[in-house]
Amino acid sequence: MKEILFIRNNIEKWKAIEALVDNINSVMPDRLADAYTDLTTDLAFAQTHYPTSRITIYLNNLSSALHNEIYRNKREKWKRMITFWTQEVPDVMWKERRLLFLSFAIFMISVLIGVVSTLGDESFPRLILGDGYMDQTLENIAQGKPMGIYGSEEEGGMFIGITLNNIMVSFYIFAMGVLTSFMPGYSLFQNGVMVGCFDTFFYQHGLLSECLLTTMLHGTLELSSIVVAGAAGLAMGNGWLFPGTYSRLVSFQRGAKRGMKIIVGTVPLFIVAGFIESFITRHTEINNYVRLSIILLSFVFVIFYFIYLPYKRNKHAHSSRETQG
């Protein structure tokens, strides 16, 4: 690569890193680490191809300045626990916004497959959900309690069991990224088909509205978190498939780091979803407007936290890049 092209392709990034050095106290540690990794990669490239160039001297000085500032400010403040969820998770969601959309698309397509398959073959739900679950659900419907399965266990034990299971499912989807991004996609596919199959089964029995009002009380947060977990798995898997200018191992480590941050960010949502499913969903006598309000509030929160807040925190940089483009 010619030196002028190398400079032109990276100059804006280097200016942004200069700004980080000047405002070091307001920058999150992980962002500094990513910037330092990018900068040292560029420095190594410049030292190899342009050893006597002024740009190499510039990058070396900038790397030294950033290195000194990082180690001068390496002690993290006590408020890191708060800023993790209010800043770091939204920032990484913005960086992986395309993967979030892809995860959502895979999930919705698989839901549609579950719907079409169930409409075409009424025995399909038994293949997906199991005979035991289907027989119990049919018995509940016959007794006039179609959602009775949610009241079949003691609240406290159900809360612990469901919450741990959902967190394990999300970490499983993320961990599948070790086997490239195809496996998280397959896990999303399985969950989506199950949801489509489940809802269509109740539709066939004239109970779709009751099914949605009941399951989406907790499902809005739960299913949204699974989609987000899918994005985390895709982020790690893409590290193997698309290393870019990094070595495959370094690219994988960076993807895994971003993915882990995303997956940890979903844990509070699974806890809230588990609480709702265990203590509220079972009360099908609750007024429909109350249930609908809980669903809408959950939906608004998901949109705000995973889409609007990441955009709001990063829109200035996004606008600057569009202007320069």
Side-chain angles (χ1 to χ4, degrees), residues 10 12-41 66 69-70 73-104 170-171 173-174 177 181 184 221 224-225 227-239 242 244-246 250-270 300-325:
N10 295 283
E12 294 302 326
K13 177 177 66 176
W14 299 334
K15 289 181 179 179
I17 293 176
E18 286 184 27
L20 291 183
V21 174
D22 292 336
N23 299 279
I24 197 75
N25 292 324
S26 62
V27 182
M28 300 308 301
D30 286 340
R31 188 177 179 189
L32 289 175
D34 289 342
Y36 185 69
T37 300
D38 287 341
L39 189 58
T40 52
T41 300
L66 182 57
E69 290 295 342
I70 288 175
N73 294 274
K74 64 180 180 179
R75 182 179 300 174
E76 297 184 4
K77 299 179 180 179
W78 63 269
K79 65 178 183 180
R80 173 71 187 276
M81 186 64 70
I82 296 175
T83 57
F84 174 79
W85 271 282
T86 60
Q87 299 180 28
E88 294 185 47
V89 174
D91 286 348
V92 76
M93 289 308 306
W94 174 257
K95 183 176 294 185
E96 304 297 354
R97 60 192 182 279
R98 293 181 180 83
L99 294 183
L100 178 63
F101 175 78
L102 177 59
S103 179
F104 176 75
S170 68
F171 273 85
I173 294 174
F174 166 63
S181 48
L221 295 178
S224 298
S225 297
V227 170
V228 174
L234 293 173
M236 180 162 65
N238 280 0
F242 311 108
T245 59
Y246 300 101
V250 171
S251 177
F252 171 75
Q253 291 173 336
R254 286 167 60 86
K257 183 179 179 181
R258 293 195 300 271
M260 178 59 72
K261 190 174 293 186
I262 292 172
I263 204 68
V264 171
T266 65
V267 171
L269 274 70
F270 279 119
V300 168
F301 174 79
V302 168
I303 295 298
F304 170 80
Y305 187 70
F306 290 109
I307 298 177
Y308 175 74
L309 183 58
Y311 167 75
K312 183 179 180 182
R313 283 185 50 79
N314 293 272
K315 65 179 180 179
H316 178 70
H318 181 62
S319 299
S320 297
R321 285 193 297 269
E322 289 185 341
T323 301
Q324 293 163 2

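Please read these numbers as outputs of a predicted model, since none were measured by experiment.
No salt bridge links Asp34 with Arg258; every basic N to acidic carboxylate O contact stays at or beyond 4.0 Å.
With values rounded to the nearest 0.5 angstrom, Lys312 atom NZ is found 6.5 Å from Phe304 atom CZ. One finds the CD1 atom of Ile263 at 8.5 Å from the OG atom of Ser225 (value rounded to the nearest 0.5 Å). Here the CZ atom belonging to Phe306 is positioned 6.5 Å from the CZ atom belonging to Phe301, to the nearest 0.5 angstrom. The distance from the OH atom of Tyr305 to the OG1 atom of Thr86 is 7.5 Å, given to the nearest 0.5 Å. Interatomic distance, Arg98 CZ to Asn238 CG, rounded to the nearest 0.5 Å: 12.0 Å. Interatomic distance, CE of Met93 versus CD1 of Ile307, reported as 8.5 Å (0.5 Å rounding).
Side-chain contact between Phe171 and Thr266 is absent, with no heavy atoms from C-beta onward closer than 4.5 Å. Within the 4.5 Å cutoff, no side-chain heavy atoms of Pro184 are placed close to those of Phe174. Counting heavy atoms from C-beta outward, Lys261 and Asp91 have side chains that stay 4.5 Å or more apart. Side chains of Glu96 and Leu100 form no contact here, defined as non-hydrogen atoms less than 4.5 Å apart.
What you find for Ser103 and Val227 is that their closest heavy atoms are OG-O, 2.6 Å. Pairing each heavy atom of Leu309 with each of Pro90, the nearest pair is CD2-CG, 3.6 Å. Shortest non-hydrogen contact noted between Thr37 and Thr41 is O-OG1, 2.8 Å.
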